[in-house]
Amino acid sequence: MTDTSFAIVADRLVKVYQSGTAVAGISFALPVGSITGLLGGNGAGKTTTIAMIMGLVTPTSGTIRVLEAEMPRQRYRVLHRMNFESPYVEMPMRLTVRQNLTVFARLYGVDHIAARIGELAAELDLGEFLDRPTGKLSAGQKTRVALAKALLNRPEVLLLDEPTASLDPDTADWVRGHLERYRVERRATVLLASHNMAEVERLCERVIIMKQGRIEDDDTPAALLARYGRETLEEVFLDVARGRQNLEAAQ
Amino acid sequence: MSARNPESGISVYRIAAMVERYWYLLRSSWPRLLEIVYWPAVQMLMWGFLQLYVAQADSFFARAGGTFIGAVLLWDILFRGQLGFSVSFLEEMWSRNLANLMMSPLKPVEFIVALMVMSVVRLLIGMIPVSLLAIAFFGFNLYGLGLALAAFFANLILTSWAVGIFVSGLIIRNGLGAENLAWTIMFILLPLTCVYYPVSVLPPFLQYVAWALPPTYVFEGMRALLIEHVFRADLMVQAFALNIVFFTAGALAFMQLLNSARRHGSLLQTGE
């Protein structure tokens, strides 16, 4: 495989804050068109890893390359080909959904903006609140708007942080289906951070489990289930989080 | 400048997108629009009536017609220019949208230019009605200053941007805990730049400080124009030279603080 086969390549990535080490020398490579789950408890280093991929945080050492650009130094070469969604980052409350999406479409250099927004409104069922102030939406509606913003520029690399948080089960399932179709149709590379193990099991062909800034395990969901002798990814996650694998190995 | 290509140069298209966004924000709230006019109008009326009063008692002030009103209007260009810049920037912090912008193709220089444009827009919304009120109440025509007004305006707005850029960098690095600086930092310039009195009033050591600040030259220039009817181009050139230094220092500090924020992960936590 050549380098162009990988959309994201992290090499011995380290991030040390004054409060401690958030990411402690992780390496991974995500092939183009793959969908990978990033799992880990609170403080495992998932958000910092995603922030380094987006160029929002500068690594202390190591390198991160996205679509062959070194982040954050060469970020303007690739930021228009990427996007992200997180419930922890919001959009201006007083602007309507349409105004917010229009501004972001312009920032990302999207062509035929009105048509693209119409397309996303139909796909994500935003039509009824497109002209409502973003601050007046329910949590679930805001999540759908954030997803629309993340898909505006048809990104080749899509980073998702809890993409179905606050959604009812039916809408969440529908969003997962949409993301799956998007990835296949656009051959997009998706990195998904989630605490919803069923979601990760359904969507991801590979799972990276982080703990205290390190990669504890990295494999396909099926291989992880077999290795830990568990039936669900949630049980595997708990094993890793509570260090059961090490405990059993020691016994 | 490129139109839309995210990879090259500065994009007018992205700057326009940000200006459009701030315009949407501004027009979505009539109390905010009213606030832009309200305080400058109150200030101007208060100083205007004071000037009328002292002019009755003192022949100097009778000759120096309009210096107080002129000073308050020019001070508002400086103060409101910086506030217009900083408030637009703070909108991003209040709405937790900064990370969205920083992870988009928007470049820091485009962000700053959009904030500069918005500071002028907000300033014009506030100053045009107030300057018309000054004509109506006191017969003071700011526009009668002609080309001198353009020189005063250019120098004051440059200083306001330099301070606004620096404060925005501090807020990016330190979060909303530094927000109060946006509202108060300019007041240190009020006594030091001699808005309402000549530099000669200050103690000698403070005069050195005053002459290191670009607005001092503008306010001295305004008094020369209104009292002695002389346009001091030399003062404007000195102010402009100092402004280049201030603006460059503000922009460099902003970039340093932004890079520091990327190193410290401050862009992830834009709260207190």
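Naming: A, B, ... by sequence-line order, numbering from 1 per chain. Scope of the values below: all heavy atoms of this structure, side chains included, with no hydrogens, waters or symmetry mates.
Taking the side chain as every heavy atom from C-beta outward, L101(B) and F104(A) approach each other to under 4.5 Å. You'll find the side chain of M103(B) stays beyond 4.5 Å of the side chain of L159(A), heavy atoms only.
More than 12 heavy atoms of other residues, nucleotides or ligands sit less than 6.0 Å from atom CG of D131(A). Applying the 6.0 Å contact sphere to CZ of R27(B) captures more than 12 heavy atoms from other residues, nucleotides or ligands. Counting non-hydrogen atoms of neighbouring residues, nucleotides and ligands closer than 6.0 angstrom, the CZ atom of F28(A) exceeds 12 such neighbours. Open room surrounds CH2 on W39(B); 12 or fewer heavy atoms of other groups in view lie less than 6.0 Å from it. Open room surrounds CZ on R214(A); 12 or fewer heavy atoms of other groups in view lie less than 6.0 Å from it. No more than 12 heavy atoms of other residues, nucleotides or ligands sit less than 6.0 Å from atom CZ of F240(B). Within 6.0 Å of atom CZ in R12(A), 12 or fewer heavy atoms from other residues, nucleotides or ligands are found, so the atom counts as exposed in its surroundings. When the shell of 6.0 Å around CD1 of I188(B) is examined, it contains 12 or fewer heavy atoms from other residues, nucleotides or ligands.
For the set M18(B), E91(B), R32(B), the entry with the most heavy-atom pairs within less than 4.5 Å of chain A is R32(B). Among K15(A), R75(A), Q74(A), the residue making the largest number of heavy-atom pairs under 4.5 Å with chain B is R75(A). When M82(A), K149(A), M93(A), M54(A) are compared by the number of non-hydrogen pairs under 4.5 Å with chain B, M54(A) comes out ahead.
Listed here is the closest heavy atom pair of L107(A) and A17(B): CD2-CB, 4.1 Å. M91(A) approaches N100(B) most closely through the heavy-atom pair CG-ND2, 3.8 Å. Nearest heavy-atom pair across Y76(A) and P108(B) is OH-CD, 3.0 Å. Nearest heavy atom pair, residue R94(A) against residue S28(B), reads NE-OG, 2.9 Å. For the residue pair V57(A) and G265(B), the shortest heavy atom distance occurs at CG2-CA, 4.0 Å. The two atoms that bring Q99(A) and Y24(B) nearest to each other are NE2-CD2, 3.3 Å, heavy atoms only.
To the nearest 0.5 Å, atoms OG1 (T102(A)) and CZ (R21(B)) are separated by 12.5 Å. Note: W23(B) CH2 to L95(A) CG = 13.0 Å, rounded to the nearest 0.5 Å. Taking OG of S104(B) as the reference point, atom CG of L152(A) lies at 11.5 Å (rounded to 0.5 Å). With values rounded to the nearest 0.5 angstrom, R263(B) atom CZ is found 12.5 Å from Y17(A) atom OH.
Panel note: side chain R262(B), backbone G55(A); a donor-acceptor pair is recorded below 3.5 Å.
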